[in-house]
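Taking it in order: structure first as structure tokens, then the write-up.
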Amino acid sequence: MLTLAFILTLLVALLCLVLSGSVPTRYLGVAAGVALLACGAALLVARARGGLPLELVDQSWIALENYSVEIVLRFDAVSWALALLALVGGGLALLALALGLPPNLRGFGGLFAAALLALLAVVAGLADQSLLFLPFLWATATLLVFLALRASGALSGSDAPLVVLLTGLLGALALLGAALLAPVALPGAVARQATLVCWTAVGLLALGAPPLHAPFQELAEAPAALAGALLALGLPLLGGYALIRFFAGLSVPPGPAWRLTLTLLGLATLLVCAAGAASAGRLRRLIAWQLSAQMGLLLIATGQGGAALRVAGPALLANAAASALACYLAVAILERRAGTDQLSEIKLREPLILPGLVFLAGAAAAAGLPGWSGMWPRRWLVDELLRTAPWAIPPLLAGSALLALTAVAPLASFWRGAAPSPAGDLDAQPRRLSAIGLVAAASAAPLLVFGIAPQLAWAGWLAPAQRALAPAATTAAPALPGLATQLACGLAALALLGL
């Protein structure tokens, strides 16, 4: 059933291309979003019924006389939840994008086909078990993101799609280099150092670490809902997952110099990108900075290794993607109402309460505030830093506090009223905007649920993921809240939402 669901999703992408000129784009976009949601539901049902692993494809790709490359797409204890996030989150993002289009608009079916296929390529990369096939999937996702940006029409005359394409292909080359180094007969130290250099380059490119953050800002120029699908759930998600799998799978951990380097790179990414978010004048760019700042925490966890990487790493990655998605969907509503995402130019006829709450949920999770999903992986990371690198805790907390402060001005833009705009300035359609609001709220709900009850994520995903990443290591549960702490987190979240 799972394989059939993916095949049907591919057929929906084909229909979006074929019917682009004859069927309103909104209907095609809704079909694309529903197809991804249905595929996510099929994955969840297969996970509940059959357990893990869940196999999609297992066949030979390249067969030579003495060598062959196998295509093995299989969801395991680590990848299935991230794939579910990409499918469900991507479905919600495409729904929000489709519902914001004019009813009779035609000719943009290629946009939804490319975005749908890009998300499927990312999901295939999450399921891939062959390092040699991963660069091909990475390059495919990059090309499809480029085509989606071109098809959107919002970046005509801009170099942003080309910058995204070139950077993504550079990441694919770094991945290919890492894959080709594995069987090469080099001296052990030389091959190890070269492989670590390749994987560090992949991490910096995929996670938007300075000075390689520019592609994130270029991709943030896309419509907000499209940026939520392609940026929050695109190559950063795939790159973060690949980084976790590689460093967690090393038989010999990196030496102290590499660990220090990764920790310093993570702290620099967190602080520089948090400062970039604080100085951003546009909301879409602010969220891109915020996403990279959170990815800095993943680099810190990678540098620590051990439980910091196996437990906190996947949770930090999932929280970064989910919080950025929620923020982008909230901004999609604000931008449609105000006509801009420039903070100094936003003027609303009335406050946007629900979208503002969705943005607040995403920003609170990104900053790690109590009651939201970002708090617990930060707590687990800090617990490990107390043992391995206590000097890194003050800058980590400073970066998180700066991320929290960056949400103040955007929240004010959602909730402040302004002088009424001239009639007909913006064709607000309450029914459609209400539907988009519900879609955005659905994207933010997990941030609250897992913030109050992280046991759900631990039992359903993180504990099996930790065993899969390090089968020989002792599986130890991190700090989990008792009933009193859960109630306190719930009250903290409700108090924040009531502001």
Side-chain angles (χ1 to χ4, degrees), residues 93 96-97 100 145-146 148-149 152 154-165 167-168 204-237 268-296 320-347 352 355-356 358-360 362-363 365-367 399 402-414 440:
L97 181 63
V145 168
F146 169 79
L149 293 176
S152 70
L155 300 174
S156 57
S158 170
D159 293 332
L162 186 60
V163 171
V164 173
L165 175 65
T167 307
L204 296 178
L205 286 165
L207 306 182
L212 302 173
H213 180 77
F216 275 48
Q217 294 297 308
E218 299 294 345
L219 189 48
E221 291 296 316
L226 184 61
L230 301 182
L231 181 55
L233 304 173
L235 292 181
L237 182 65
T269 300
L270 171 62
L271 293 171
V272 171
C273 292
S279 62
R282 299 182 59 186
L283 286 173
R284 284 176 287 170
R285 289 181 173 268
L286 183 151
I287 300 168
W289 283 113
Q290 173 186 285
L291 175 61
S292 282
Q294 294 184 81
M295 293 303 188
S323 61
L325 174 65
C327 289
Y328 270 121
L329 296 189
V331 169
I333 302 173
L334 173 68
E335 191 173 21
R336 178 164 175 78
R337 286 289 185 93
T340 181
D341 70 331
Q342 186 75 35
L343 285 169
S344 61
E345 299 176 4
I346 293 175
K347 295 180 180 179
L352 297 177
V358 172
F359 188 91
L360 174 60
L402 186 56
L403 275 180
L405 291 176
T406 61
V408 175
L411 286 173
S413 68
F414 276 95

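Annotation: the span from L162 atom CG to E218 atom CD amounts to 10.0 Å, rounded to 0.5 Å. M295 contributes atom CE, which lies 11.5 Å from atom CD of Q290 (distance to the nearest 0.5 angstrom). Here the CD-CG distance, from Q217 to L231, works out to 9.0 Å after rounding to the nearest 0.5 Å. Distance check: L286 CG to C273 SG gives 11.5 Å after rounding to the nearest 0.5 Å.
Pairing each heavy atom of L343 with each of A280, the nearest pair is CD1-O, 3.9 Å. Contact record, L226 with S152: CD2-CB, 4.0 Å, taken as the closest heavy-atom pair. Counting all heavy atoms, side chain and backbone alike, L237 lies closest to A321 at CD1-CB, 4.2 Å. Nearest heavy atoms, A206 versus L235: CB-O, 4.0 Å. Taking all atoms of both residues into account, the shortest heavy-atom contact from L230 to A148 is CD1-CB, 3.9 Å. What you find for V358 and A326 is that their closest heavy atoms are CG1-O, 3.4 Å.
Considering only heavy atoms from C-beta on, V145 comes within 4.5 Å of L219 through its side chain. Counting only heavy atoms from C-beta outward, the side chains of L291 and I287 never approach each other to under 4.5 Å. Side-chain contact between L411 and F359 is present, with heavy atoms from C-beta onward closer than 4.5 Å. The shortest distance between side-chain heavy atoms of L233 and Y328 does not fall below 4.5 Å. With a 4.5 Å cut-off on side-chain heavy atoms, L207 and S292 do not count as touching. Using a 4.5 Å heavy-atom threshold, the side chains of F216 and R285 count as separate. Residues L334 and L283 have side chains in contact (heavy-atom distance under 4.5 Å, counting atoms from C-beta outward).
Counted by atom type alone, S323 and Q294 present one or more donor-acceptor pairs between their side chains at under 3.5 Å.
Under the 3.5 Å distance criterion, the side-chain polar atoms of R336 are matched with a main-chain donor or acceptor of G100. Although no hydrogens or angles enter the test, the distance criterion places a donor-acceptor pair under 3.5 Å between the side chain of T406 and the main chain of L403.
No salt bridge links R282 with E335; every basic N to acidic carboxylate O contact stays at or beyond 4.0 Å.
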